[in-house]
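First up is the structure itself, then whatever we jot down about it.
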Number of protein chains: 2
Amino acid sequence: MRRTKAEAEETRNSILNAAERVFFEKGVSTASLDDVAKAAGVTRGAIYWHFSNKTDLFLELYNTVNLPLEDMIARNVVQPGADVLCYIEKSAGDWLDQLAGDEHRQRIFTILLRCPYGEDLLPVLEKQQEVDDRHTVMLDSAFDTARSEGFLNGNWTPQSATKALRWMMEGLCSEWLLFGRRFDLASEGKDGLKRLFDSFRQTPATAEALAAS
Amino acid sequence: MRRTKAEAEETRNSILNAAERVFFEKGVSTASLDDVAKAAGVTRGAIYWHFSNKTDLFLELYNTVNLPLEDMIARNVVQPGADVLCYIEKSAGDWLDQLAGDEHRQRIFTILLRCPYGEDLLPVLEKQQEVDDRHTVMLDSAFDTARSEGFLNGNWTPQSATKALRWMMEGLCSEWLLFGRRFDLASEGKDGLKRLFDSFRQTPATAEALAAS
DNA sequence: AATTATACAAACAGATACGTATGTTAAAAC
DNA sequence: GTTTTAACATACGTATCTGTTTGTATAATT
């Protein structure tokens, strides 16, 4: 029974939504296409009509959330004049808020964390690395601006600050997502960010006091 | 052809070693018991003799490295008198050295990071959480000693320091293990630890200078 | 109005992978 | 020395899962 174009797009989306839920609950490799089909209320025929196989379905699912992901990073552009460290901190805090409030994003991230990157999903891994690398470069330059403007404490270099921030964010999100969200991501995360950025910062008073001692 | 007890234990170990390699390369869920058997130079009959199924094999594999894991944590006991922060930092650095130098441990950790914790491997996840919780408690008390002895900087609490350290370690190791060991874990990790612990520390001179300002 | 192409469902064939059952050999036990 | 039993290998049946093929009803095309 042929559906209209809009209906077809609707089933395609329902398949993607079902795949997200099923992949999240059972894992990408153990979930079968029949599981996804049943969860979407269709048969495997519909899936094979819209996607070529499970890997393709996973890649399309990844692409649906890929753009907002990169948007998130693009928002990290440095606005001249303002305190760069405050800006980076706020940017990271916003990221946490977004993740904490968006179950869709949470499921996708969890799937990506747990998925077995074996040869066929290699493009996903490479894209992840590419995004991470670009993010690292932007953070590096932002922290370098902070340093040249005298905001960065002496025992941090731009590169070390970038790494510390990235590692902390990664560990924070990993523990929250993989271990059952056992704490408040936004509040505890932003508290940690505040303390870390306080150690990044160097108030003029402190600098003078240290120089005088 | 019945083997002697020592030979049987040998094949059992070879199966565990093969399982470690195969699970690491192909992922736990996609790897078949026949893959493990071929890698070990035996048939599936041998595996089913020594283990009841794949989940059991995985659990046994997990148990073989579980003891050294907990040893690592037990080494974190607080030695009174010495600088507690230095002790924690050295302990974390030692952990990184161990991981960087032990491919066996690297493979196990990677398997644990990527494995799909779905119902049957739930005990593994729970044990991980239990170990993590004990580790957190020990770190909390250690940082609290540091605070009561005046070593901890004012903008860090014992709990926040514990979390920052744990998140940084987790993010550091995750990125190194899951993304192809693209940097030097020991040197970069210990450098990050040094800077983080410098921000934990509060030298008497700094404290006085701050109080005078 | 007849034809065609679309959007699926249903059926089919092939390949694994699993668990078990059975066979086989040599070490232990007696 | 015979029996037993441990330590596997081999063979078997079965349940998925996958990819393809075929069927089919209806929207779109003409």
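Chain identifiers are assigned alphabetically (A, B, ...) following the order of the sequence lines, protein sequences preceding nucleic acid strands; residue numbering begins at 1 within each chain. Atoms considered below: every heavy atom in the structure, side chains included; atoms not considered: hydrogens, waters and symmetry mates. Worth saying up front: this structure is predicted, and the values here are computed from it rather than measured.
Both tests hold for Arg114(A) against Phe24(A): distance to the six-membered ring centre under 6.0 Å, angle to the ring axis within 45°.
Taking 4.5 Å as the limit, every side-chain heavy atom of Cys115(A) sits out of range of all side-chain heavy atoms of Phe23(A). Using a 4.5 Å heavy-atom cutoff, the side chains of Asn63(B) and Lys127(B) are in contact.
With sequence neighbours left out, the salt bridge (Lys or Arg N to Asp or Glu O under 4.0 Å) criterion links Lys54(B) to no other residue. Listed by chain and residue number, Arg107(A) satisfy the salt bridge (Lys or Arg N to Asp or Glu O under 4.0 Å) test with Glu20(A) (two or more places apart in sequence, or in another chain). Considering only residues two or more places apart in sequence or on other chains, Asp97(A) meets the side-chain hydrogen bond (donor to acceptor under 3.5 Å, both in side chains) condition with Lys190(A). In this structure, the salt bridge (Lys or Arg N to Asp or Glu O under 4.0 Å) partners of Glu60(A), at least two apart in sequence or on a different chain, are Arg12(A). Judged as a salt bridge (Lys or Arg N to Asp or Glu O under 4.0 Å), and not counting sequence neighbours, Arg44(B) has no contacts. Considering only residues two or more places apart in sequence or on other chains, Phe197(A) meets the ring-ring contact (aromatic ring centres under 6.0 Å, His included) condition with Phe200(A).
Leu152(B) and Phe143(B) get closest at one heavy-atom pair: CD2-O, 4.1 Å.
Straight-line distance from the CG atom of Asp34(A) to the P atom of dA11(C): 14 Å, rounded to whole Å. Atom CG of Leu33(A) and atom P of dA9(C) are 14 Å apart (whole Å).
When the shell of 6.0 Å around CD of Glu7(B) is examined, it contains more than 12 heavy atoms from other residues, nucleotides or ligands.
Annotation: proximity of residues 10-31 of chain B to DNA chain C (heavy atom, distance under 4.0 Å) is found for no residue. Within residues 41-54 of chain B, the residues that place at least one heavy atom under 4.0 Å from DNA chain D are, in residue-number order, Val42(B), Thr43(B), Gly45(B), Ala46(B), Trp49(B), His50(B).
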Sub-3.5 Å pairs of nitrogen or oxygen atoms, protein against nucleotides 27-30 of chain D:
residue	atom	partner	partner atom	Å
dA27(D)	N3	Arg2(A)	NH1	3.1
dA28(D)	OP1	Thr4(A)	OG1	3.3

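Note on the helix from dA1(C)-dT30(D) to dC30(C)-dG1(D): angle between the axes of the first and last five pairs equals 0°, rounded to 10 degrees.
Evaluation of the salt bridge (Lys or Arg N to Asp or Glu O under 4.0 Å) test over residues 176-185 of chain B, restricted to residues two or more places apart or in two chains, returns Asp133(A)-Arg182(B).
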Mind listing the side-chain donor-acceptor pairs of residues 171-179 of chain B below 3.5 Å, one per line with the distance, residues two or more places apart or on another chain?
residue	atom	partner	partner atom	Å
Ser174(B)	OG	Glu170(B)	O	2.8
Glu175(B)	OE1	Trp167(A)	NE1	3.4
Trp176(B)	NE1	Phe183(B)	O	2.9

